[in-house]
K.L.:
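Let me begin by handing over the structure; questions about it come next.
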Amino acid sequence: MTIVSKRGWELPESAATPEDKFLRRRELVKALAAGPILAASGIGFAGTAWATGGLYPAKRNPRYRLGRPVTDEKIVTTYNNFYEFGSHKQIWKAAQKLKTRPWTVTVDGMVEKPFTVDADALIRKLPLEERLYRHRCVEAWSIAVPWSGFALEALVAMARPSAGAKYLEMRGFHDASVASGQRQVWYPWPYLEGLTIEEATNELAFIATGAYGKEIAKQNGAPLRLAVPWKYGFKSIKSITRFTFTDKRPVSFWEEIAGQEYGFWANVNPEVDHPRWSQATERQLGTGQRVPTLLYNGYAEQVAHLYKDMKGEALFK
Ligand code: MTE
């Protein structure tokens with residue numbers, strides 16, 4: 001059994017902002033002191049006041065604007081990529097089999113002290129906000145979603161990675177008894193993705209725990225799903241169970257399957273085509289419009305500096 005380490009609960013000041021969130025954290029610490037066995041067991045707080053009810057809708061951060069309409073919730077929750085449940089778009093019903101409570105998340109690798117925490121407790125502890133983000137799939141369709149969640153930077157701060165940690169590797173779950181796609185043993189399960197530490201601490205890198213003003217749907221990656229909107233959608237790993245800090249560049253799920261088509265960086269660029277199709281335009285789900293794709297999916301202002309000295313890297317596949 002994994003133990004929730006005390007260190008994991010100590011948030012650096014930089015990660016703690018609004019007072020109401022701070023008070024919530026204090027309440028949690030008090031409750032943990034009162035019930036250490038429950039907390040340490042990783043049983044979670046499902047069905048109790050500690051589950052995430054009451055957290056949504058989170059307050060919208062007005063800094064993130066779309067320049068296009070929000071996609072209808074019905075579309076975002078019924079047209080999905082989630083290979084654990086099948087290699088087609090209609091997986092939403094099958095994904096309901098995923099049991100997201102209890103759900104434990106491990107933070108390990110090159111950190112001061114690894115820890116395992118119940119996902120609900122983690123979500124309650126971090127400052128939640130709503131952000132409107134565009135999402136551009138490598139298959140050339142796009143959506144725009146009101147995610148709720150927390151900045152990945154806050155989780156990195158909590159983990160206290162050592163100076164030698166260069167990458168953050170994220171892993172999904174592996175349970176072929178609920179996810180029929182995982183019976184396809186030729187795929188390198190679990191789904192795996194990675195970012196550099198600079199990317200993971202960029203202001204845009206976000207962990208979505210909610211969408212459309214409520215808890216995130218299973219088919220969209222409950223309970224924790226990455227949203228890195230300047231990259232092709234396959235980087236935005238769903239249903240994360242583990243965050244590992246490492247000095248080795250992770251080989252992500254799709255890179256391992258077809259590295260010539262899907263690279264580590266996967267930044268959106270209309271001028272670099274996929275080997276089998278153009279990336280110049282995208283089909284907006286919901287509006288039916290085909291529109292020009294933007295460099296970094298329109299987020300160059302926030303992220304272009306991350307890559308300016310990386311000559312010779314395949315930044316756009
Ligand atoms: N995460 C996991 N675990 N498994 C997946 O198959 N597909 C990726 C990404 N994250 C995927 C995943 C791809 S290709 C895309 S485009 C987005 O999830 C789709 O997210 P959505 O279904 O919520 O729109």
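Numbering of ligands and ligand atoms starts at 1, following listing order. Atoms considered below: every heavy atom in the structure, side chains included; atoms not considered: hydrogens, waters and symmetry mates.
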K.L.:
Show which atoms of ligand 1 fall inside a sub-4.0 Å distance from at least one heavy-atom site of F234.
P.N.:
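Contacts of ligand 1 toward F234, numbered from 1: 8 (C), 13 (C), 14 (S).
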K.L.:
Provide the closest heavy-atom pair for V268 versus F316 in the form atom of the first, atom of the second, distance.
P.N.:
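The answer is O-CD2, 4.2 Å.
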K.L.:
If we check side chain to side chain contact (heavy atoms under 4.5 Å, CB included) with P270, which of these qualifies: T281, T293, L294?
P.N.:
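By the side chain to side chain contact (heavy atoms under 4.5 Å, CB included) criterion, P270 pairs with just one of T281, T293, L294: T293.
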K.L.:
Check whether any heavy atom of G233 sits under 4.0 Å from an atom of ligand 1.
P.N.:
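Yes, G233 has heavy atoms under 4.0 Å from ligand 1.
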K.L.:
State, with a plain yes or no, whether a side-chain heavy atom of I240 is found less than 4.5 Å away from one of I207.
P.N.:
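Yes; the side chains approach each other to less than 4.5 Å.
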K.L.:
What protein heavy atom sits nearest atom 10 (N) of ligand 1, and how far away is it?
P.N.:
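Result: S236 O, 2.8 Å.
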K.L.:
Are S239 and ligand 1 in contact, using a heavy-atom cut-off of under 4.0 Å?
P.N.:
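No, S239 has no heavy atoms under 4.0 Å from ligand 1.
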K.L.:
What are the two closest non-hydrogen atoms of L204 and P229, and how far apart are they?
P.N.:
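Closest approach of L204 to P229: O-CD, 4.0 Å.
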K.L.:
Looking at every heavy atom in both N61 and E129, which two are closest together, and how far apart are they?
P.N.:
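For N61 and E129, the tightest heavy-atom pair comes out as ND2-OE2, 3.1 Å.
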K.L.:
Are F253 and Y83 an aromatic pair, judged by ring center distance below 6.0 Å?
P.N.:
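Not close enough - the centres of the two rings lie 6.0 Å or further apart.
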K.L.:
Is the cationic atom of K238 (NZ for Lys, CZ for Arg) positioned less than 6.0 Å from the six-membered ring centroid of F173 and within 45 degrees of its normal?
P.N.:
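That pair does not qualify as a cation-pi contact.
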K.L.:
Given Y79, W147, Y191, W254, which one has a non-hydrogen atom that is nearest to atom 8 (C) of ligand 1?
P.N.:
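The nearest heavy atom belongs to Y191.
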K.L.:
Which residue owns the protein heavy atom closest to atom 3 (N) of ligand 1, what's the atom, and how far is it?
P.N.:
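The answer is E84 OE2, 2.8 Å.
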K.L.:
Which atoms from ligand 1 have a heavy atom of N220 less than 4.0 Å away?
P.N.:
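Once the distances to N220 are compared, the set is 21 (P), 23 (O).
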K.L.:
Atom 6 (O) of ligand 1: which protein heavy atom is closest, and how many Å away?
P.N.:
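Looking at atom 6 (O) of ligand 1, the protein heavy atom closest to it is Y83 N, 2.7 Å.
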K.L.:
Within less than 4.0 angstrom of ligand 1, does I143 place any heavy atom?
P.N.:
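The answer is yes, since I143 has a heavy atom less than 4.0 Å from ligand 1.
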K.L.:
Run the numbers on N297 and H135 for side chain to side chain contact (heavy atoms under 4.5 Å, CB included), then give the verdict.
P.N.:
CA-CA 8 Å; N297 198 21; H135 172 97; 5.7 Å; no
K.L.:
Please find the pair of heavy atoms, one from A205 and one from E199, that lie closest to each other, and give the distance.
P.N.:
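Scanning both residues, the minimum pair turns out to be CB-O, 3.5 Å.
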K.L.:
Which atoms from ligand 1 have a heavy atom of H135 less than 4.0 Å away?
P.N.:
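Checking each atom against H135, I get 16 (S), 17 (C), 19 (C).
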K.L.:
Can you report which non-hydrogen protein atom sits closest to atom 20 (O) of ligand 1, along with the distance?
P.N.:
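For atom 20 (O) of ligand 1, the nearest protein heavy atom is R225 NH2, 3.1 Å.
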K.L.:
Distance under 4.0 Å to a non-hydrogen atom of C137: what atoms of ligand 1 satisfy this?
P.N.:
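Reading through ligand 1 atom by atom, the close ones are 16 (S).
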K.L.:
Any nitrogen or oxygen of W141 lying under 3.5 Å from a nitrogen or oxygen in ligand 1? Just yes or no.
P.N.:
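N/O-N/O distance under 3.5 Å: no.
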K.L.:
Before giving the answer on salt bridge (Lys or Arg N to Asp or Glu O under 4.0 Å), spell out for R63 and E203 the whole-Å C-alpha distance, their side-chain angles and the decisive distance to 0.1 Å.
P.N.:
CA-CA 11 Å; R63 184 169 159 75; E203 63 160 301; 2.6 Å; yes
K.L.:
For atom 7 (N) of ligand 1, which candidate among I237, V138, N81 holds the nearest heavy atom?
P.N.:
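Answer by nearest heavy atom: N81.
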K.L.:
Short list, please: which atoms of ligand 1 are under 4.0 Å from a heavy atom of N80?
P.N.:
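Selected atoms, number and element: 21 (P), 22 (O), 23 (O).
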K.L.:
Nearest protein heavy-atom contact for atom 1 (N) of ligand 1: which residue, which atom, what distance?
P.N.:
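Answer for atom 1 (N) of ligand 1: K238 N, 3.0 Å.
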